[in-house]
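To start, the structure under review is shown below, and the notes come after it.
This one's a predicted model, so the numbers in the text were calculated from it and none came from an experiment.
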Amino acid sequence: MNFLSPEQIQSLRAEHGTPLYAYDQRSLEEAAREVLAFPNAYGLTARYAMKALPTAAIVRLFSDMGLHIDASSGFEAQRAMLAGVPGEHIQISAQELPQDLKGLVDQGVRFNACSLGQLEAYGRLFPGGEVSVRINPGLGTGHNNRTNTGGPASSFGIWHEHLDRVRAIQEQTKVRVTRMHTHIGSGGDPEAWKHCARLSLDVAAQLPEVTTLNLGGGFKIARMPGEITADLQEIGNALLDDFRDFKRQHGRALHLEIEPGTYLVARAGAIIAAVTDVVDTGSEGYTFAKVDTGMTEFLRPNLYGAQHPIALFPGDAGASREEIDVLIAGHCCESGDMMTPAPGDPEGLAPRRLPRPIPGDSLVIGGAGAYCSGLAASNYNSFPQAPEVLIGLDGQARLIRRRQSLDQILHNELDG
Ligand SMILES: *Cc1c(COP(=O)(O)O)cnc(C)c1O
């Protein structure tokens, strides 16, 4: 949230109201340049995992910079194409087989089969066609079971010991597995990531037609003090020799793909909200600041116990306020709509030290670019979707998504 000055917060509030998402173009571009410079031995395609923040203006910005797209559903692939991304630049890795897979592939979209069933379905649609397979290499890196997407407790991908079944489907349908994919989870540490990359190379060695290896996303970003941001140069360089050894042993120069979501957008976003009420539960209790956002824009604390920086900007800037311990409560009638879970204990609460809040103050949540706008309990309690602005390199804010209207919430309802 460092990209927002107190004056800018005031003027954004005056123009767009709260709650409001604000994104910083400079930070987005910096992250994209780092991702595009990921070290590689034989070529790189970097994809933006657009589920992290799927708004068209963001997808277009990255696409214009040379990033391709990882889509999590057929709908997301369509959304990317509507934003202007060429079909050939999109790959789908989905839990659910897209209904119009044939139509999407005919538009150039690539498919990553995430189960044996999906591989078989693709093979039936495109006998002799080329496809990617997502492999679960037997290891995950998520910071908890909700963000882990590898290992025996994860349903994502084809279990690495089932390659015989992959071969059987290849023989049956004549489909050609020329690309392989792993994505073992979000927020993992670099050592686990490198270990997984090596396991993936071992699997690729057993799939003789594979010439592209996609190692997924999952590069950690520091949101809170003390957290560590993944060093892409360090991770990429550590893998160079593995790719070169692979070529010596197997005669294949593997093209590398990576597909970060978090890394590209997490720190480039903030949620601007207003304090609407302050209540307390007595001398043995807590002070709560109630704000006009919550799980409708910001579900991560509720879903994962996620920790985000939170800053209070007093409306009467300049007046000195004592700091007190405050819990931040969301605006939904839901006891779990709290933005201050205890670190490492999602069921617990941990007050933040903030200037004593007064209704009207601004509350800004940082690190809110990834999985906030795109992952929210939209319309719960009938709150409309919040607008989004992109702050350009010139410091000017452009509206990239309007606030939803009540009519839009009701649009599909019928008298019955
Ligand atoms: C979500 C996802 C990503 C991005 O993960 P981050 O942790 O946000 O980098 C990449 N690939 C696939 C297949 C995903 O589902």
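- With hydrogens and angles ignored, the 3.5 Å screen pairs no side-chain donor or acceptor of Trp159 with any backbone N or O of Pro137.
- Within the structure, salt bridge (Lys or Arg N to Asp or Glu O under 4.0 Å) contacts touching residues 53-77 (residues at least two apart or in different chains) do not occur.
- Judged by distance alone, the side chains of Gln404 and Asn379 do bring a donor and an acceptor atom under 3.5 Å apart.
- With sequence neighbours excluded, no residue forms a salt bridge (Lys or Arg N to Asp or Glu O under 4.0 Å) with Asp231.
- Side-chain contact check for Glu130 and Thr178: at least one donor-acceptor pair (N or O, by modelled atom type) lies under 3.5 Å.
- Between the side chains of Glu88 and His68, no donor-acceptor pair of N or O atoms lies under 3.5 Å.
- In this structure, a donor-acceptor pair under 3.5 Å is absent between the side chains of Ser132 and Arg110.
- By the 30° and 60° cut-offs, the orientation of the rings of Trp193 relative to Phe219 is tilted.
- Taking both residues in full, the closest heavy atoms of Leu119 and Val177 are given as CD1-CG2, 4.5 Å, listed atom of the first, atom of the second, then distance.
- The salt bridge (Lys or Arg N to Asp or Glu O under 4.0 Å) pairs that include a residue from residues 372-400 are Glu388-Arg401, where partners are two or more places apart or lie in different chains.
- A salt bridge is defined here as a Lys NZ or Arg NE, NH1 or NH2 lying under 4.0 Å from an Asp or Glu carboxylate O, and Lys194 with Glu234 meets this definition.
- Of the N and O atoms on the side chains of His183 and Ser93, not one donor lies less than 3.5 Å from an acceptor on the other residue.
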